[in-house]
Number of protein chains: 2
Amino acid sequence: MPEKARVVRPITLRDIAREAGVSINTASRALTGKPDVSDKTRRLVQAVADRLDYRPNQLARGLRQRKTATIGVVVADLANPFFAEVAEGIERTAAGEGYSIIVANTEENEERERRAVHTLVERQVDGILIAPTQSSDASIRYLLQRRIPVVLLARFFEHLQVPAVINDDREGARLAVRHLIQRGHRDILYLNGPPYNSSARLRLSGYQDALQEAGIPFRSSLVISTDARAAGGYAAIQQALAAGLPFTAVFCFSDYVSFGAIRALRQARLGIPKDVAVMGYDDIDLAGLVEPALSTVHIAKTRLGQVAARMLMGMMEPSGKQAERVGVTVLAPQLVIRESA
Amino acid sequence: MPEKARVVRPITLRDIAREAGVSINTASRALTGKPDVSDKTRRLVQAVADRLDYRPNQLARGLRQRKTATIGVVVADLANPFFAEVAEGIERTAAGEGYSIIVANTEENEERERRAVHTLVERQVDGILIAPTQSSDASIRYLLQRRIPVVLLARFFEHLQVPAVINDDREGARLAVRHLIQRGHRDILYLNGPPYNSSARLRLSGYQDALQEAGIPFRSSLVISTDARAAGGYAAIQQALAAGLPFTAVFCFSDYVSFGAIRALRQARLGIPKDVAVMGYDDIDLAGLVEPALSTVHIAKTRLGQVAARMLMGMMEPSGKQAERVGVTVLAPQLVIRESA
DNA sequence: TTGTACGCGTTATCAA
DNA sequence: TTGATAACGCGTACAA
């Protein structure tokens, strides 16, 4: 007959206290490094805790302290290298300060975002980092109203005063398109992201800025909205080619879109950059590894995550700044010229 | 003088109870869908809760129930598309069942893994999914000893009986190398991962299997260990070329390694697959988008995450299976022939 | 069907 | 310097 598995009850402060012959209170103070504990008892308690491998229950601690050392991270798509790198920057920074992160995916879905935010609130996270689906700002307003520290990632709302860490999208697009123009292109296709996305709007402005500087008239027919994925870039190029749109260069909303676009161009037997130049945006890891190496606009993704996390942790301190006083941090984009343009 | 910001105290069950004119207990039972509550009071309580936008404190609930509906996820590198996709599969599955995930990165560092596991234990996660750094099994043994449900991701320990969801690495490598042999290659370089990694060992076996089947003698000089990153693949090829190693094909531990290898081959003016055929492993998103499109071995990454999450959630149920009875799930790899080999 | 009392494990307050 | 006591917000016996 098999022995019944003995369920090991976790060691609590009470166990430590009993074993060390002190009160629970004293055990707590000793272990949390509070003053007003004699060195002798502190060492004793510490020794017992070590021996029993005591692990404080952070649930109980959080309940009591109204502070969980947890940050909620809400992104559109974890599998997207852009967000994955941002998340990595956040995780590293948070872990360094003793914070854990709860991660939720929205897939750009408003309802999933709503649920994710509620879940995080119920789990008493100390603050939230979120790349908002911008079809609605309800979740953000909800957090503001509940006075929960929040910092937006990579996107922002013009009409809402919320701290954010973003890339200078307008400038980045300007740099990219200016580069294409310098290489002699005048018919530049722009495969943009979805219009509700703040980056998409700003990059479109940057695209227009660069054209205007060069005295090239803007043609809305050369701007195609995509879903910002590779398939979108692929489809958009096919569509452009079929429609007989005249272009010698393509500026893409993201590196992913570029990869799709390049694939479609190749299938049409167009050489890159010989026949058509291509520029991406984001500078994901693989951009420099493919053939032709992708010319693109670099965003400091881990840095973005790191800065956002630091900003949030600052707001979460007892004496931390209020959201209204934090503002928006804008990261400078950087042009990366490789082979595709 | 600025008005002092009134901190809005969160709504608790007590507030609901008072407002609805019932006891806290009744409020709780009404909201958690327990029986023994009249429809009338249930509706009343529910209405009050909705009106006040009540959010149950999951810390308190978890403390009381000894169950947090939280899964700890420990991976080597979130920014690696492989783990990012696995994580996505986990998140989706978990969220669908009301679970949240706390994510930690180890960067293959044993010490970070140790800390991550302790943190998760202290936060009372109901179970842990982990891609173990395999330089040590201490963290895994710790979890087993504490009887915390754990499922390994993509890697496993021969000497430890721990549930795991893995890819059939040996078979995958066999398929890849067999394919190269069928294309007429006999001098096949293998850029392997680090030797402590279980996948690296198994894929090496698969490589040897395929050679043996074809009666090709194994030469250890054709196996180079890399750090499984693009830079590693790049360096390994340079080294192989410099050493004058004879090879007409390269099998790589991962797609990332392939990209690095391809870059180095190109710089040496070698055509792919004309002069050298290249096969990867993983089939990350971008493998099919680059030029030449990468031939590789497909791993169902989101599926791996999904299966692992389901397995873990099964073990976490009160009547759930014990770890010893769960076993290892092996996912079948799939050969994907594109252009590079 | 409803309410009272207690405990989950911790920290904070206050008195000794 | 230490200890008793009361929370934190919720769920669960048990009694009404």
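As a basis for the values below, the full set of heavy atoms in this structure was taken, side chains included, without hydrogen atoms, waters or symmetry mates. To find a chain, count down the sequence lines: A is the first, B the second, and so on, and within it residues start at 1.
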Any donor-acceptor pair under 3.5 Å linking the side-chain atoms of Arg123(B) with those of Ser100(A)?
yes
Residue set satisfying side-chain hydrogen bond (donor to acceptor under 3.5 Å, both in side chains) with Ser38(A), at least two apart, ordered chain then number -> Thr41(A)
Calculate the interatomic distance between Asp36(A) atom CG and dA15(C) atom C1'; express it in whole Å.
14 Å
CZ of Arg42(B) versus C1' of dT1(C): gap in Å, rounded?
11 Å
Give a yes-or-no answer on whether the side chains of Tyr99(B) and Asp126(B) include a donor-acceptor pair shorter than 3.5 Å.
no
Counting only heavy atoms not in Arg303(A), do more than 12 sit closer than 6.0 Å to its CZ atom?
no
Would you tell me if any nitrogen or oxygen in the side chain of Ser38(A) comes within less than 4.0 Å of OP1 or OP2 on dT2(D)?
yes
Could you tell me the separation between the CG atom of Leu31(B) and the C1' atom of dT2(C), rounded to a whole number of Å?
15 Å
Distance-only donor-acceptor check, side chains Arg92(B) and Thr302(B), under 3.5 Å:
no
All salt bridge (Lys or Arg N to Asp or Glu O under 4.0 Å) counterparts of Arg114(A), not counting sequence neighbours
Glu111(A)
Using a cut-off of 4.0 Å between protein heavy atoms and nucleotide atoms, how would you tag nucleotides 8-16 of chain D 5' to 3' with B, S and -?
BBBBBB---
Give a yes/no answer on whether the side chain of Thr26(B) brings an N or O atom under 4.0 Å of OP1 or OP2 in dT2(C).
no
